[in-house]
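Here is the structure we will look at, set down as structure tokens.
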Amino acid sequence: MEVKRSSKTKTAVSAIIPFVLLAVMIGYVFGPGSELISFGVVIPEISIEKVEFVDSEIIATVRNTGPIAVDIVMADIDDMILPAAIEPDKHLERFESAIVRIPFEWNEGQPYAIGLTIDDGTRFEKRVDVAAPSIQPTIEMISYFAVIGTYVGIIPVMIGLLWFPFISKLSRSKYKFFLALTVGLLLFLGISSAEEAIETSAENLSDVFNGVLLVATVAIVSFLALNYLGEKLKKACRCIKTCWSCGNCTNDCNWNWLA
Amino acid sequence: MRDFDYGKVSKLEDGTTLREFTIIAEDDKIMEIAPGIFYNVWTFNGSVPGPTIRATEGDLVRIYFINNGDKEHTIHFHGNHPAEMDGIFEIVGSGGGQFTYEFIAGPVGVHPYHCHVMPVEEHIGHGLYGVFIVDPKEGRQQADEMVMVLNGFDTDFDGENNLYAANTIPFYYQHHPIQINMNELIRVYVVNMVGLDPINNFHLHGTLYKYYPTGTDLVPSYFTDMVTFSQSERGIIEFEYEYTGKYMFHAHLTEFSDKGWTGLFYVKDSSQLNTEVYNFGS
């Protein structure tokens with residue numbers, strides 16, 4: 001049915017108006033400069049996201065995950081106040097991150113507590129259970145990991161593909177058995193990785209990023225994205241097949257499938 | 001912030017031996033107690049530690065105390081005084097309450113004074129303390145004198161001190177060494193006001209010192225380079241250096257020295273000793 005152009009715009013505008021009004025109201029009540037509703041004392045927070053041990057130095061990556069801007073003013077290892085450098089500067093706006101470099105002769109295998117103090121005196125600490133030299137990206141490392149990847153990834157998959165003749169000759173029920181086994185294995189791996197992802201996020205990620213929700217969202221979005229790509233590829237495949245078989249490449253083929 | 005202080009005494013002399021002092025308590029100052037760290041300090045006369053009050057034994061000391069803070073405060077002196085002047089039960093109200101403490105200065109020695117309103121740990125921990133020195137009538141030997149209050153701050157309120165110092169600023173005397181002369185008698189009035197930790201100590205490099213506990217005797221009790229203090233323990237330390245150079249002094253509790261309670265004496269060789277006479281209002 002033909003919809004007149006002007007009423008389409010009218011529909012669009014009527015959809016947006018309530019949101020605009022809502023935004024204005026929220027801005028008025030909660031926005032900067034308003035004092036209508038105050039939620040009590042604001043507590044600053046920083047998270048130390050990563051701690052690296054390099055030659056005679058400990059490098060901590062810190063991010064401001066609290067509601068107000070802070071200054072990082074003091075660094076200590078195991079409560080010993082040490083001179084340290086911070087890059088780019090000690091003032092962190094919300095969600096800004098910085099690198100703190102503390103010159104320190106650390107011992108391998110020992111646990112350390114890295115503390116950072118902000119300008120109002122609050123100290124935030126991250127404990128490292130075992131100090132180990134961090135891995136630097138070099139050509140050697142990359143080639144080493146490439147070799148391992150081949151041994152652990154490519155070769156077993158190749159060996160697995162050699163099983164294809166056997167599988168293709170199986171009866172329906174036996175084939176279903178192997179399929180079920182695979183699905184079960186994948187489910188186990190999926191749940192175990194989800195568990196580990198949630199654990200890692202709880203340890204290293206600040207609450208403000210909501211680790212559990214992040215894991216769930218990424219999983220679902222990846223699934224949907226892969227599904228969508230899969231459908232598109234199947235359609236493209238069918239297009240190509242009809243092209244070759246009857247030489248007719250025009251019907252039900254939308255070659256803009258990538259767009 | 002208080003630097004070291006040659007017994008800087010604000011005294012107004014009136015008649016023969018009356019000394020009057022005015023001390024104002026405030027609890028809303030935010031000061032930078034370490035580079036970058038801003039802490040709400042509660043102060044006597046705007047500094048932590050508060051003013052060093054000095055009198056000679058037998059003087060009548062009168063202190064006008066004004067409380068300009070939001071909380072109740074008092075001044076409790078260690079020393080001899082009547083019960084009404086103790087600063088315990090006579091709570092001075094906030095926002096301008098006044099009280100006049102009056103007593104005869106005694107006994108001879110070095111004593112702390114501090115706020116004694118509950119919770120006392122909180123009032124002391126935020127900075128309401130100072131030193132009260134009573135000199136013997138015959139005076140002590142001529143010396144280069146200084147006052148050191150050993151204190152600490154718990155800036156994140158977790159029950160553990162984050163910073164330690166001599167005279168409030170961590171590492172201050174390490175970055176600004178105290179200059180003294182070779183072969184000159186040095187006298188330090190040391191008062192320990194570190195709360196939350198049971199003990200503190202004072203270790204001196206390069207020489208040993210004579211220690212007068214609480215300063216009550218003119219004869220030293222120890223000759224050592226390490227003396228241990230609990231909270232509000234204090235004494236007089238006297239020493240001389242034979243050689244020039246930099247000498248550390250610090251808590252030998254390395255946890256405290258790593259958190260700021262460490263400093264340096266820089267001993268110079270001056271061909272003549274300073275012969276200034278320190279006139280303490282006699």
Side-chain angles (χ1 to χ4, degrees), chain A residues 40-48 58 60 62 64-66 68-93 96 98-107 110-127, chain B residues 1 27-43 48 70 122 125-127 151-166 168-176 194-197 200 248 250-264:
Chain A
V41 188
V42 180
I43 301 181
E45 188 198 333
I46 60 168
S47 340
I48 305 175
I58 298 185
V62 61
N64 177 5
T65 51
I68 55 173
V70 296
D71 286 326
I72 311 270
V73 295
M74 208 161 77
D76 62 82
I77 309 276
D78 284 343
D79 276 338
M80 289 178 285
I81 301 176
L82 294 167
I86 184 165
E87 299 163 7
D89 66 87
K90 63 181 185 199
H91 184 78
L92 295 181
E93 290 291 335
E96 199 184 318
I99 299 179
V100 178
R101 303 170 75 110
I102 309 169
F104 186 73
E105 295 288 347
W106 48 271
N107 300 316
Q110 253 183 261
Y112 288 105
I114 288 94
L116 292 175
T117 310
I118 57 178
D119 55 328
D120 73 351
T122 320
R123 178 173 173 270
F124 297 90
E125 190 180 81
K126 181 165 174 79
R127 291 189 176 274
Chain B
M1 291 293 107
D27 52 40
D28 56 357
K29 285 174 128 36
I30 300 196
M31 289 181 152
E32 194 172 358
I33 55 172
I37 298 185
F38 293 86
Y39 182 72
N40 175 21
V41 286
W42 301 356
T43 56
V48 177
D70 286 327
E122 186 183 64
H126 277 261
N151 48 12
F153 292 97
D154 177 13
T155 53
D156 54 5
F157 309 107
D158 62 355
E160 222 182 68
N161 279 319
N162 296 65
L163 303 166
Y164 295 91
T168 309
I169 302 183
F171 299 110
Y172 186 78
Y173 298 123
Q174 193 179 60
H175 299 308
H176 306 84
V194 170
L196 299 173
D197 293 283
N200 194 354
M248 273 185 87
H250 57 91
H252 217 292
L253 279 160
T254 44
E255 188 197 338
F256 294 7
S257 62
D258 282 333
K259 286 192 188 176
W261 167 195
T262 170
L264 282 175

Legend entry - B:F171 versus chain A, the contacting section by heavy-atom distance below 4.5 Å: side chain
Inset, instruction - Let me know if B:F38 has heavy atoms under 4.5 Å from chain A in its side chain, its backbone, both or neither. - result: both
Legend entry - chain A contact via B:I30 - which portion, at a heavy-atom distance below 4.5 Å: neither
Legend entry - Centroid-centroid under 6.0 Å between B:H126 and B:Y39 rings: yes
Inset, instruction - Any chance you could measure B:K259, atom NZ, to B:N161, atom CG, to the nearest 0.5 Å? - result: 7.0 Å
Inset, instruction - Name the region of A:M74, side chain, backbone, both or neither, that has any atom closer than 4.5 Å to a heavy atom of chain B. - result: side chain
Legend entry - Engaged part of A:T117 at the chain B interface, taking heavy atoms whose separation is under 4.5 Å: side chain
Inset, instruction - Give the member of A:D78, A:I81, A:I72 that has the highest number of heavy-atom pairs under 4.5 Å with chain B. - result: A:I81
Inset, instruction - Report the C-alpha separation of B:N200 and B:Y164 in whole Å, then their side-chain angles, then the decisive distance to 0.1 Å, and conclude whether the side chain to side chain donor-acceptor pair (under 3.5 Å) test is met. - result: CA-CA 10 Å; B:N200 194 354; B:Y164 295 91; over 6 Å; no
Legend entry - A:D79 side chain reached by B:E160 side chain, heavy atoms, under 4.5 Å: yes
Legend entry - Expected output: side-chain A:D71 to main-chain A:V73 donor-acceptor under 3.5 Å: no
